[in-house]
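Accompanying notes for the structure given below.
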Amino acid sequence: MSRHQDPKQTFYPGPSRSHLAAFPPKERWDDWTELDPTAWPRRKERHYSLVPTTCFNCESACGLLAYIDKVTGEVQKFEGNPEHPGSRGRNCAKGPATLNQVTDPDRILYPLKRAGKRGEGKWERTTWDEVLDTLAARIRKAIVEDRRQEIMYHVGRPGEDGFTERILAAWGIDGHNSHTNICSSGSREGYQLWMGLDRPSPDHANAKVILLISAHLESGHYFNPHAQRVIDGKTNGAKLIVFDTRLSNTATHADYWLAPYPGSEAAILLAIANYLIQNNLYDREFVEQWWNWREFLVADKGATDFTDFEARLKQIYREYTFEFAAAESGVEARVIEEIAKVVATAGSRFSSHNWRSVSSGVSGGWTVARCLFMLNALLGAVATEGGVYPNAWNKFVPRPLYTPPHPKMWNETTWPREYPLSMNEMSFLLPHLLKDGRAKLDVYFTRVYNPVWTNPDGFSWIEMLTDPALVGCYVALTPTWNETSYYADYVLPMGVGSERHDLHSYETHDSQWIGFRQPVMKAVKQRAGETIDDTRKVNPGEVWEENEFWLELTWRIDRDGSLGIRQYAESKKNPGTRLGIDEYYEWIFDNSVPGLPERAAAESLTPLQFLRRYGALEVKQNIGKIYDETVPPEELDDARQDPLGRVYTRAAKPAGPNIVPLPLPDGDEDGRRLAGIAVNGAIKRGFPTPSGRLEFYSSTLNQWGWPELSIPTYFKSHIHKDNLDEDQTILISTFRLAVQIHTRSANAKWLDEIAHTNPLWIHPSHAAKLDVRTGDLLRVETEIGYFVVAAWVTEGIRPGIVACSHHMGRWKLTDEGQRQLMATVKLDHNGTQWNLKREKGVQPYKSDDADTLRIWWKDAGVHQNMTFPVHPDPISGMHCWHQAVRVRAADAGDKPGDVFVDTQKSREVYQKWLAMTRPADKFSPDGTRRPYWMLRPLKPAREFYKLGRG
Ligand code: SF4
């Protein structure tokens with residue numbers, strides 16, 4: 001064995017004294033030594049302080065280690081943090097590329113104020129004081145005048161657990177808006193309906209069979225931490241099944257890759273479920289104990305015991321034959337049968353995950369997640385080793401310093417009554433709701449969000465943002481220029497991943513951990529004994545971190561405390577002064593993270609110092625089956641059991657890291673809360689659903705106007721073959737590229753060099769019919785316009801379907817702005833008809849970074865999302881991204897990147913989809929706007945759920 005193969009051998013016996021493939025041991029993070037590669041062959045040592053933080057380039061929150069040069073005081077590179085339990089020292093390309101974002105020569109360094117008309121691109125530098133005083137006065141006025149619905153905060157990537165929600169609650173507003181209904185609401189809705197929680201936590205590493213309906217190795221949820229565990233599972237012998245109409249990176253690693261007709265996935269899943277049911281291959285005991293079959297039978301007016309339920313199950317699902325699924329999906333029946341047999345071998349080691357993908361693509365996409373989880377529920381692979389956990393059980397959210405009360409209002413602009421069961425805010429309808437005259441906004445914040453580019457129907461967003469009667473003051477909090485920020489009144493520079501604090505925890509495996517994002521320059525100076533009380537002192541220019549900004553703004557809204565707001569931004573240590581960020585986290589780490597004070601004390605550190613030093617902490621491993629825990633007697637004060645086995649109590653809700661208290665869908669008539677369910681003579685915690693069990697049958701769907709969908713079922717989506725004209729095909733527009741994330745990574749030159757365009761994937765047989773070759777221009781016509789794109793002829797897509805990644809097509813209106821991935825365009829409109837034409841592609845340019853003169857790519861792709869109308873699913877509220885399109889050779893005058901849209905047609909499509917809803921005013925069973933048990937970020941006070949309470 002050579003020393004290269006022997007992990008115990010030192011690869012290079014130089015200053016690092018460690019194998020180059022190994023991580024720097026944490027004991028040496030204060031002075032880590034490496035040779036300077038630029039000095040080779042001289043052996044010049046460079047000394048680094050290694051400071052952990054968390055990547056902010058996607059929601060996975062992987063750990064990073066900043067290598068801060070002790071001589072220059074600058075970050076030399078970012079690598080993985082081996083102390084992080086989720087990412088375990090590994091990152092994707094976007095993690096290390098954080099360095100590009102720090103040094104981006106085009107970054108916004110100072111607060112800017114609009115100097116011309118909105119969208120004219122004229123800016124003047126202003127001060128943070130001016131920004132804060134102007135916004136604070138405006139927000140205070142709106143609160144005092146009870147125009148609280150006119151203040152809205154719209155977040156793209158939160159990257160933290162609840163800080164800003166609490167700020168909004170402190171202001172007493174229901175002003176939280178999110179991007180989730182253009183992202184993942186479809187799958188979330190399906191999971192929530194089964195288990196009361198909206199995300200799965202699959203234990204891929206220990207699975208026997210893994211079934212993914214998501215591109216996990218490039219864009220799944222959570223990408224890198226899950227991707228590495230999928231590969232662990234495969235290494236341990238698991239079979240990997242992937243459904244993806246397009247050959248994703250994940251599909252290339254699959255044992256079985258299925259490329260079904262988009263929207264038919266639930267038919268295949270139900271055929272597999274039917275196979276398990278008809279052949280008695282399910283976990284009978286688990287189904288009997290944990291499914292809410294009794295409730296189903298009551299509603300079904302059928303028999304009342306489990307054997308009758310089983311007979312009914314066989315009867316209901318027998319229509320989902322392999323042949324039926326084959327006819328819907330185009331996948332051969334024998335292949336589906338083979339996969340069903342593989343799934344049946346998994347037992348409780350069946351890990352599955354549906355994220356984005358088809359559930360974000362088609363109407364009824366939420367049924368895909370519901371039908372997928374039905375396989376877990378049949379196999380009993382729920383919270384088992386190798387199975388799927390509800391996400392909240394594998395996540396730890398510590399109690400914060402302050403918890404302001406639920407706002408006493410309901411915001412109809414984000415939660416309109418037409419969508420009572422929507423998973424999240426109807427964010428992408430905002431321009432239409434404002435144009436309807438339902439509301440207007442006085443202060444509108446976007447934060448790490450770029451709706452003009454990211455959302456469908458971007459021209460309607462431009463129309464909204466340029467109309468001061470609809471939006472009084474628009475504030476873009478952003479680390480980098482984006483298409484929406486051009487229409488802002490204020491552009492406020494925010495820190496990238498290594499320049500801000502956030503706390504988070506995600507479900508990456510059967511464990512609970514917290515990760516701490518921190519400004520690394522602050523941390524290294526604190527290590528040296530300096531006091532840094534404001535991130536602007538260590539960040540480039542006047543770049544700030546958001547948490548300090550929100551605290552200061554809150555303070556200025558209510559300087560004298562008369563509105564009752566200031567108290568939530570006040571120091572506990574020094575009353576009368578504004579709360580500092582160190583005190584905020586110090587309190588959480590001292591009081592709310594079990595085991596942390598002891599771990600820190602063992603190293604003579606305070607809890608805050610511990611997390612500043614290591615960046616993450618595993619709070620607990622092996623969480624197990626919380627649903628099967630017996631409820632202790634002290635939680636069963638004056639308990640009462642109903643005929644369906646639900647047990648109600650007068651005892652207070654339990655608290656604790658592992659406990660997700662059951663919701664209170666009804667309570668009982670005497671005001672008791674639901675505490676658990678009776679199973680075999682014991683009271684168990686169960687699941688946070690109205691029944692306390694896994695909900696095969698959704699009484700919620702039944703009661704709120706959708707009885708035909710109350711059990712897992714399949715129906716024809718908006719792009720089903722029956723709903724298309726003969727000359728239409730399907731465009732899949734949702735897939736990511738492994739090295740870009742929406743609009744946040746355009747300021748990373750390494751990533752831009754790898755991926756900077758988005759051609760249209762088209763199968764050779766399809767291309768031959770159109771007489772098209774790779775590079776030829778195509779015109780793709782949607783319901784409201786068209787875009788022009790180059791073809792990429794590939795066998796990696798189902799014949800007859802086309803696909804285009806949604807990452808590209810970045811643009812700017814002038815030569816200023818982000819120049820490494822944004823083309824310069826001309827934007828024209830004649831009434832509601834809009835044209836976007838590329839004037840200049842990406843070009844080399846002179847800057848402080850010599851690499852910008854080496855830019856060789858020109859194409860920046862096409863902005864296809866502009867040409868998509870809104871398609872809100874009537875139940876989940878998810879925007880259904882897949883488009884029925886006509887694809888043809890481009891016209892003679894067409895140029896790559898051309899976009900045309902008529903926003904009048906956008907309005908018509910919006911109204912057509914609105915007409916498909918079953919609004920709360922007509923269908924609510926109890927006079928409320930929304931079932932109280934369903935998840936909602938920043939829930940209003942319960943009385944404001946009543947229709948008529950504003
Ligand atoms: S971008 Fe990559 S490294 Fe960063 S959090 Fe996401 S998966 Fe992890």
Side-chain angles (χ1 to χ4, degrees), residues 7 10-57 62-84 87-104 495-501 515-532 535 537-540 543 603-605 608-617 748-750 848-849 851:
T10 305
F11 176 75
Y12 171 72
S16 69
R17 297 187 298 282
S18 171
H19 191 294
L20 286 183
F23 295 104
K26 63 184 182 183
E27 295 74 20
R28 294 172 51 202
W29 286 7
D30 278 336
D31 186 15
W32 177 249
T33 313
E34 290 189 353
L35 293 183
D36 183 346
T38 60
W40 181 263
R42 273 189 310 124
R43 294 188 168 182
K44 181 182 167 199
E45 291 187 3
R46 289 181 74 166
H47 293 261
Y48 299 99
S49 298
L50 306 192
V51 181
T53 188
T54 304
C55 180
F56 193 33
N57 277 333
C62 299
L64 292 176
L65 266 188
Y67 285 57
I68 301 174
D69 189 304
K70 289 179 149 240
V71 176
T72 65
E74 289 177 356
V75 179
Q76 176 67 19
K77 60 179 176 178
F78 289 96
E79 293 198 351
N81 176 6
E83 290 295 305
H84 193 290
S87 56
R88 305 183 291 190
R90 307 169 202 179
N91 299 103
C92 78
K94 300 183 289 290
T98 300
L99 185 63
N100 298 163
Q101 300 170 316
V102 174
T103 59
D104 168 22
V496 300
S498 57
E499 298 167 348
R500 48 186 289 140
H501 291 92
F516 186 42
R517 184 175 291 130
Q518 62 176 340
V520 295
M521 298 313 298
K522 168 172 168 166
V524 81
K525 283 179 189 289
Q526 282 186 330
R527 253 190 225 178
E530 285 185 48
T531 303
I532 306 290
T535 45
K537 292 180 180 163
V538 288
N539 283 344
V543 170
E603 299 195 26
S604 304
L605 298 170
L608 177 59
Q609 284 169 340
F610 183 94
L611 278 165
R612 287 217 184 280
R613 176 157 287 268
Y614 300 123
L617 176 79
K749 62 186 179 186
W750 298 335
D848 293 344
D849 180 352
D851 277 350

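What you are looking at is a predicted structure, and each value in this text was computed from that prediction instead of being measured.
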(request) Return each pair, listed once, that meets salt bridge (charged side-chain N to carboxylate O under 4.0 Å, His left out) where at least one residue sits in residues 65-75; pairs must be two or more places apart or across chains. (result) Arg46-Asp69
(message) Contact between Phe23 and Leu65 at the side-chain level, heavy atoms closer than 4.5 Å - yes or no?
(response) no
(message) Run the side-chain hydrogen bond (donor to acceptor under 3.5 Å, both in side chains) test against Arg613 and tell me which residues pass, sequence neighbours left out.
(response) Asp30
(request) For Arg517 and Cys55, work out which heavy atoms get closest and say how close. (result) NH2-O, 2.7 Å
(request) Report the residues that fulfil side-chain hydrogen bond (donor to acceptor under 3.5 Å, both in side chains) with Lys77, sequence neighbours left out, ordered by chain and then residue number. (result) Glu34, Glu79
(message) For a quick test of reading the model, state the closest non-hydrogen atom pair linking Tyr614 to Pro52 and the distance between them.
(response) C-CG, 3.5 Å
(message) Is the shortest side-chain heavy-atom distance between Phe56 and Arg500 below 4.5 Å?
(response) yes
(request) List in chain and number order the residues that pass salt bridge (Lys or Arg N to Asp or Glu O under 4.0 Å) with Lys522, two or more places apart in sequence or in another chain; answer none if no residue qualifies. (result) Asp582
(request) Find out whether Val75 and Tyr67 are in side-chain contact, i.e. whether some heavy atom of one side chain is under 4.5 Å from a heavy atom of the other. (result) no
(request) Name all residues meeting the side-chain hydrogen bond (donor to acceptor under 3.5 Å, both in side chains) criterion together with Lys749; count only those two or more places apart in sequence or in a different chain, and write none if there are none. (result) Asp849, Asp851
(request) Give me the one residue out of Arg43, Lys44, Arg42 that meets salt bridge (charged side-chain N to carboxylate O under 4.0 Å, His left out) with Asp36. (result) Lys44
(request) Assess whether side-chain contact (heavy atoms from CB on, under 4.5 Å) is satisfied between Phe78 and Gln101, documenting all intermediate values. (result) CA-CA 11 Å; Phe78 289 96; Gln101 300 170 316; over 6 Å; no
(message) Does Lys26, at its NZ atom, have more than 12 non-hydrogen atoms belonging to other residues, nucleotides or ligands within less than 6.0 Å?
(response) yes
(request) Kindly write out the residues that satisfy side-chain hydrogen bond (donor to acceptor under 3.5 Å, both in side chains) with Asp31, not counting sequence neighbours, or none if the list is empty. (result) His47
(request) Measure the spacing between OG1 of Thr98 and CD of Glu499 and express it to the nearest 0.5 Å. (result) 9.5 Å
(message) Rounded at 0.5 Å granularity, tell me how far CD1 in Ile532 sits from CE in Met521.
(response) 9.5 Å
